[in-house]
Structures are given as structure tokens and as C-alpha cells.
Trainee: 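Attaching a single structure in C-alpha cells format; questions to follow.
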Amino acid sequence: MLNPSSRSSHLKIVFVLPAKPKHVVSSVVSHPLNKFKDTSIAHSTLISSFSQFGTGIFTPKTISARFLSTSSPHRQTPVNHSRSMSEKITNLDDALQLFDDMTNRKPLPAVFKFTQLLQAVTKMKQYSYSVKLFQRMNSLRVPVNAYTISIVIKCCCQMHRTNEGFAVLGYAFKHNILPNVCTFSTLLNGLVLEDRVLKAERLFKKLIKEALCEPNAIMYSIMIKGLCKSGNNDTAIALLKLMDEKGCKPNVVTYNTIINSLCKDKMVDDALNLFKEMVFHKGIFPDVVTYTSLIHGLCNLSRWDEVSKLLKQMEDERISLDVKLYNTLVDALCKEGKVEDANCIISSMIERGEYPNVVTYNSIIDGYCLRGEMSKANEVFDSMGSRGLVPNIVTYNNLLNGYCKKLKREEAMHLFHEITKKGMKPNVITYSIMIQGLFRARRCKDAHGVYNDMRAHNLIPDECTYRIILEGLCNNNQVDEALSLFHLMGGNKLNSNIKVYNILIDGASKSGKFDIARNLFNDLTFKGLQPNVWSYTVMISSFCREGLVGEAKELLFKMEDSGCPPDNVTYNVLLQGVLKNKQYDTVEMLLKEMEARGFSIDASTVEMLLHYIKTSCLDVSLLKLIGKLVPKEEVDAPCFIV
DNA sequence: GTAGGGTTAG
């Protein structure tokens, strides 16, 4: 009843996908934002020209020969110098072989050759290998410099071992290698990655205070990312202003970081304002990432018209959509249940030379699963192999979630075991889905077993797992267990979450523990937690269950004053409560308020109203008003002008 | 000649 996803939406989605620029023409384009950055044509030409050689063109030997060759034009095989080392070597074995070749050379190749190789391995995300190579360089006494140090620190940081990164910094000091703004930026980024933002702030301040390095736009961007990540968008914006004042010009990445964070926090209007500031006041060109963040934010709020507008804007600015942006659109449509439209997007992306990847199909599978169409979801899953795509853990999680939602316990169990058989590791999400599914199937013992299994695999349950367990216990007449778990967690961060309270308030109320429900609701203010629409709605439903309709209505008025206006669900819940408590006089007023607010009545409320009319508790004249409040069938299919 | 930052999955 309180599931917001059941709210009906009446959308007409019009996406005008930007046409892919056909030619890169250097003519003047009137739009102030216009710029030419389409490299896709050059790219595809490059790929097709190489494809005829097959994949064996770069053997370790040839790479070694090309890479180490002297500058003599006679001995040199034609090498495309515009391609960097990391583009030439994309295979770990080749890189390791080359490293061996290099160490056997006398004299040893220059430091920067080693550094280039280290960078190539790092680009492959083989961080532990990079670190190992660095250690071998040390034992071979290959000199290292600030570049090498930064790469190795980055590798430590990417493995979430920033402390080891600091040890490398110590090594640098010991060897008289002066760390610079790049070195420190990498370390700051490592701290941010590990959510150690306070430590990052302290280091950042120390760097400035002791003049260890002059922060540049990249370093500021990292700090801004840290602030955003720790929920301090305002401070992040303040730092953006500060860097500007200090004469350090923010760039598109700096803005993208904050815009993305604001969009994730549903503050899309603030993000759009920042976007305008960036473009019109600072003259910074947005890129595909900027648009992806904004479009993602708008999609989450179902603001489709504005999505279309931004897509149109991209077309005007000749910014091509990339796979990630297509995936954002595909995912948003699938979440709305519009899988067919998402498939249209896939067709058009293929036409434009962008290829769907695992993420794309994961969204499609998820879309079918949400609609309960498991056979279609499985069809897509089966087709992935023929498209050269390997399903990942997300693919399995989506399918698993589909089975669990449909209470297909055996299929879910089978798939769950299949994951390990395929050599993949279930993650916290896999286990959480499984636990939720078992609770829903009223298999509390099995749910507990899966939880133990998860702990045995050293996986730490997250806040979502915690909520799933609390909700599972509540829905299986084990509210006492849920409450004792909640008390056991005490002041844990997981307990300062409004969603946790909503689950418990609802659970306590439904199992007749009204006083506990009310106390929990009152506790919110003491804990400094702001009740949201769900909290109020759950409490209103709780009052109605106790026959306290007056208090329920009072709370509805209070919502408005607290800056948290009631929504569709709140009204439906109150309406049902009023009917159950035979307070028929209030019905008309509530229906009129709903009409004024543009809300609609859900199917179960309509059914109840009709029942009370039939039994003459309500007047037939209400039918006209009810008719206006019944959601119309969605006639308008989303329209894609491609 | 070689290093550091931003977008997608419950």
C-alpha cells in the first residue's frame, strides 16, 4: 500500500536524440556553446585500418623492438608516435615480458622508459603488478623519479591502500625525490577514495600552510569531490568560489564533480544553475559528462521534457552521446517499465556506431524483471554471449532480484548457486537480494542461513542489508526481534537513518505496538532526523489503525507546515483510514483536496469507495468526483524522434 | 619524453 513505485505516472516522453555529426567541418557555428570535439570518425577509421591485421600484430618481441629502438630512422620499424606506450601495450603478459627485456639490457633503459611501462600496466588496472615492478626496479637500482613515485602511489591508492602510498612518499623523501602537486593530489585522492575526507582536508590545509605545494585546479577538484562525497555540497561550492578567488580557474571537471553530486542528491535545479554559471559566466564548455550527470538527475525525477531539451542542446553543440549517456537513458526508461523504448534507444545507438555493453543489457534485464517478465529477461541474458558480452555480477543480481520479487524461490536458489559455479563471487547486494527474497517467501530460517553464509564469506552487511533484515523480521511477525536488533545497534550510524525508523514505525504499528510506533516517531526530532513523506504517511496509517482519525488529520496539516507536503500515497492512506473508521463526512473534503492537488486514487481505494457507495454509507453523488480522480489509461506512447 | 581529478548497476 505504501509502495511509491506503485504510483501511476502518465508520461509522454519525447527524446530527440542528437544526430551524430557527419563531418568534422571547421566552420563557424552560431551557438555560443559550440565546439567541435567529435573524434568518432577518426576513431572508427583507425579501428578499421587496424582490424585487418588481426590481434597478433604486437608480440612482446615487436613491442620491445619498437619501444627500445634508438632514434635511427634506418633501423626503425614504422611506429605511430602519436600513440602512447599505454595505448601500444594493452596486455599484461606483453608488459611483463617487456619489463624483463628491459632489465636485461646493458646499459639499462632510461627512467622514463620504465615509467612509461609502469603507466601502461597501471592503465590496465593491474595495480599490484605495477607495485611489484616498482619493487623490482628498486632492487635493480633503476633510478626512479617523481613521475614513477606518483604512478606507484596511485596504484596503492586505487587498491585502497593509501597508507602504503604514504610509505612510498616516505621513500621518496628518503631518496631526495621531491613530491609535487601531482604526488600530493594522488594521495589526497586516495584518502577521498577511502572516505577519509577529514584526513584529506587536514593534509590539504597543511600543504597550503607549509607551502609544500601550490594547489592547482586538479587538487581543488579532488578536495571538492571529497566534500561532495561526504555530503557537504555547500562547502564544495564554497571551495569552488575560493579557488576562483585565489586565481585558480576551475575547469569542466571541477564543475562536473559538483553538478554530479547535486544531481545525485536530487538537487537538479541547483545543478542547472551551476551549469548556467559555468557556461555563461565562466565560459567553460560543458562536455558529455556534464550532460550525463544532468540528464541522469532529470531522469531520476522523471523530468523528461528537460531531458529532451538537454539532448537537443547537445546536438546544437555537436557533442556526441557516448555509451554511458545512452546507458543512462536506457536505464531510466527501463526503471519506468518502458523496456521497448529502451530497446529503441539501443537500436539507434548501434546505428550511430556506439555499441551497447554489459551495463546496457543489465538495465534491459532489470527492466523486464521489474515487470515480472522473467522469460524475456532470460532471453536477453542468453543473447549476451552471442553479442560477445560476458554477464557480470550485476547481471546475475538483476535476474536474482527478478525471481525473488516473483517469489520464485527455487529458481532464485538455483541462480544463486549458479553464480559461484560460474566462478563469480556473490557480493553484498547478491546476498541482500537473497535475504529479502527468502523473507518475502516467509523462509526466515533460510534468510538467516544466507546471512550467516554472507558473514562467513567476510562480507560486511551494509545499510540496505540492515533495512532488509529489519523489514523481513517485521513482516514475519518478529517485530520484537527487529526492535531488539535495532536497540542492539544503539548509536550505530545505521540507526541514524530515516528509512530504518519508517520500517520500525510501520512494523510496530501493524503488530499492535502503537505506543512503540508513536515513541519512535517522536524520537526522530530528538535524534535530529527529519521525518519524510513516508514517515508521516506511516504514522497517519498508524493513527487510523488505532481509530485516532483526528490525530491522523492533524498530522496531515502538520506536514504542510513542516515543509513536507503530503503526496498521493498519504491521501490514499488517510482516505482508507477514514473509511474504515466510518468517518464518512470527511471523504468528500479529502477527495476535493486531492483533486486540487492533482492527485489520483489508487485501485484499492477506488474499490473501497465503491463498496461504501454500494452499501449506502457514501452518497452516489461522489461518483462524479471519484471518476475525475481515477487515473486515465496511459494512451500516449513515448515518442522518439531519432 | 614519463605522473594526479569527473558520468552507468540493489
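A note on names: the letters A, B, ... follow the listed sequences, proteins ahead of strands, and every chain is numbered from 1.
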Trainee: Base, sugar-phosphate or nothing for Asn397(A)? Non-hydrogen atoms, less than 4.0 Å.
Mentor: nothing
Trainee: For the pair made of CD1 in Ile365(A) and P in dT8(B), what is the distance, rounded to whole Å?
Mentor: 20 Å
Trainee: Heavy atoms only, 4.0 Å cut-off, all strands: where does Asn251(A) land among base, sugar-phosphate and nothing?
Mentor: base
Trainee: Decide yes or no, distance alone: a donor-acceptor N/O pair under 3.5 angstrom between the base of dG4(B) and the side-chain of Asn180(A).
Mentor: no
Trainee: With Ala217(A), which residues qualify under side-chain contact (heavy atoms from CB on, under 4.5 Å), at least two apart?
Mentor: Met243(A), Cys248(A), Asn251(A)
Trainee: Taking ring pair (Phe, Tyr, Trp, His ring centres under 6.0 Å) as the test, write out the residues that go with Tyr355(A), two or more places apart.
Mentor: none
Trainee: Give the rounded distance in Å between these two atoms: CG of Leu310(A) and C1' of dT7(B).
Mentor: 14 Å
Trainee: Checking Lys225(A) against Tyr255(A): charged group under 6.0 Å from the ring centre and within 45 degrees of the axis?
Mentor: no
Trainee: Is there a side-chain contact between Lys154(A) and the phosphate of dG5(B), meaning an N or O under 4.0 Å from OP1 or OP2?
Mentor: yes
Trainee: Counting heavy atoms from C-beta on, name the nucleotide in dG6(B), dT2(B), dT7(B) closest to the side chain of Ser293(A).
Mentor: dT7(B)
Trainee: Contact class for Asn189(A) (heavy atom, under 4.0 Å): base, sugar-phosphate, or nothing?
Mentor: sugar-phosphate
Trainee: Just to confirm, is there a sub-4.0 Å distance from OP1 or OP2 of dT2(B) to any side-chain nitrogen or oxygen of Gln119(A)?
Mentor: no
Trainee: For the side chain of Gln158(A), counting heavy atoms from C-beta on, which of dT7(B), dG5(B), dG10(B) is nearest?
Mentor: dG5(B)
Trainee: Verify the ring-centre separation between Phe416(A) and Tyr403(A): is it less than 6.0 angstrom?
Mentor: no
Trainee: Please determine whether a side-chain nitrogen or oxygen atom of Lys264(A) lies at a distance below 4.0 Å from atom OP1 or OP2 of dT8(B).
Mentor: yes
Trainee: Look at all strands and tell whether Asp322(A) reaches a base, only sugar-phosphate, or nothing, counting heavy atoms closer than 4.0 Å.
Mentor: nothing
Trainee: Restricting to salt bridge (Lys or Arg N to Asp or Glu O under 4.0 Å), what partner residues turn up for Asp462(A), sequence neighbours left out?
Mentor: none
Trainee: Does the base of dG4(B) carry an N or O that pairs as donor and acceptor with the side chain of Thr186(A) under 3.5 Å?
Mentor: no
Trainee: Can you tell me the distance, in whole Å, between the CG atom of Leu169(A) and the C1' atom of dG4(B)?
Mentor: 14 Å
Trainee: In this structure, which one of Asp453(A), Ile419(A), Asn397(A) forms a side-chain contact (heavy atoms from CB on, under 4.5 Å) with Pro426(A)?
Mentor: Ile419(A)
Trainee: Name all residues meeting the side-chain contact (heavy atoms from CB on, under 4.5 Å) criterion together with Asn398(A); count only those two or more places apart in sequence or in a different chain, and write none if there are none.
Mentor: Asn362(A), Ile365(A), Asp366(A), Val394(A)
Trainee: How long is the line joining CD1 of Ile224(A) and C1' of dG6(B), in whole Å?
Mentor: 11 Å
Trainee: Identify whether any heavy atom of Thr254(A) sits under 4.0 Å from a base atom; if not, whether one sits that close to sugar-phosphate; answer base, sugar-phosphate or nothing.
Mentor: base
Trainee: Regarding Ile218(A), tell me which of base, sugar-phosphate or nothing describes its non-hydrogen contacts under 4.0 Å with the strands shown.
Mentor: base
Trainee: Which nucleotide in the list dG10(B), dT7(B), dA3(B) gets nearest to the side chain of Asp366(A)?
Mentor: dG10(B)
Trainee: Does Lys123(A) place a side-chain N or O at less than 4.0 Å from the phosphate oxygens OP1/OP2 of dA3(B)?
Mentor: no
Trainee: Please determine, for the side chain of Lys225(A), which listed nucleotide (dT8(B), dT2(B), dG5(B)) has the closest atom?
Mentor: dG5(B)
Trainee: Can you figure out which of dA3(B), dT7(B), dG10(B) approaches the side chain of Ser150(A) most closely?
Mentor: dA3(B)
Trainee: Over all strands shown, is Val330(A) touching base, sugar-phosphate only, or nothing at heavy-atom distances under 4.0 angstrom?
Mentor: nothing
Trainee: Can you tell me how far P of dG6(B) sits from OH of Tyr291(A), to the nearest Å?
Mentor: 21 Å
Trainee: Answer yes or no: side-chain N or O of Asp462(A) and base N or O of dG10(B) forming a donor-acceptor pair under 3.5 Å.
Mentor: yes
Trainee: Which whole-number value in Å describes the distance from Arg440(A) CZ to dG10(B) P?
Mentor: 14 Å
Trainee: Give the nucleotide from the list dG4(B), dA3(B), dG6(B) with an atom nearest to the side chain of Val253(A).
Mentor: dG6(B)
Trainee: Assign Ala146(A) to base, sugar-phosphate, or nothing according to its heavy-atom contacts below 4.0 angstrom with the strands shown.
Mentor: base
Trainee: Would a line drawn from the ring center of Phe184(A) to the ring center of Phe204(A) be shorter than 6.0 Å?
Mentor: no
Trainee: Is it the case that dG10(B) (base atoms only) and Asn398(A) (side chain only) share a donor and an acceptor within less than 3.5 Å, ignoring hydrogens and angles?
Mentor: no
Trainee: Across the strands shown, which category fits Lys229(A) at heavy-atom distances under 4.0 angstrom: base, sugar-phosphate, nothing?
Mentor: nothing
Trainee: Expressed as a whole number of angstroms, how long is the span from Leu117(A):CG to dA3(B):C1'?
Mentor: 15 Å
Trainee: Rounded to the Å, how far apart are Leu193(A) CG and dG4(B) C1'?
Mentor: 12 Å
Trainee: Output the residues of residues 424-436 of chain A in contact with DNA chain B, where contact means a heavy atom of the residue under 4.0 Å from an atom of the strand; sort by number or write none.
Mentor: Ile429(A), Ser432(A)
Trainee: Please confirm whether any donor atom in the side chain of Thr257(A) sits under 3.5 Å from an acceptor in the base of dG6(B), or the reverse.
Mentor: no
Trainee: Kindly write out the residues that satisfy ring pair (Phe, Tyr, Trp, His ring centres under 6.0 Å) with Tyr361(A), not counting sequence neighbours, or none if the list is empty.
Mentor: none
Trainee: Just compare dA3(B), dT7(B), dT2(B) and give me whichever is closest to any side-chain atom of Gln116(A).
Mentor: dT2(B)
Trainee: Are Tyr171(A) and Phe134(A) near enough that their ring centres are under 6.0 Å apart?
Mentor: yes
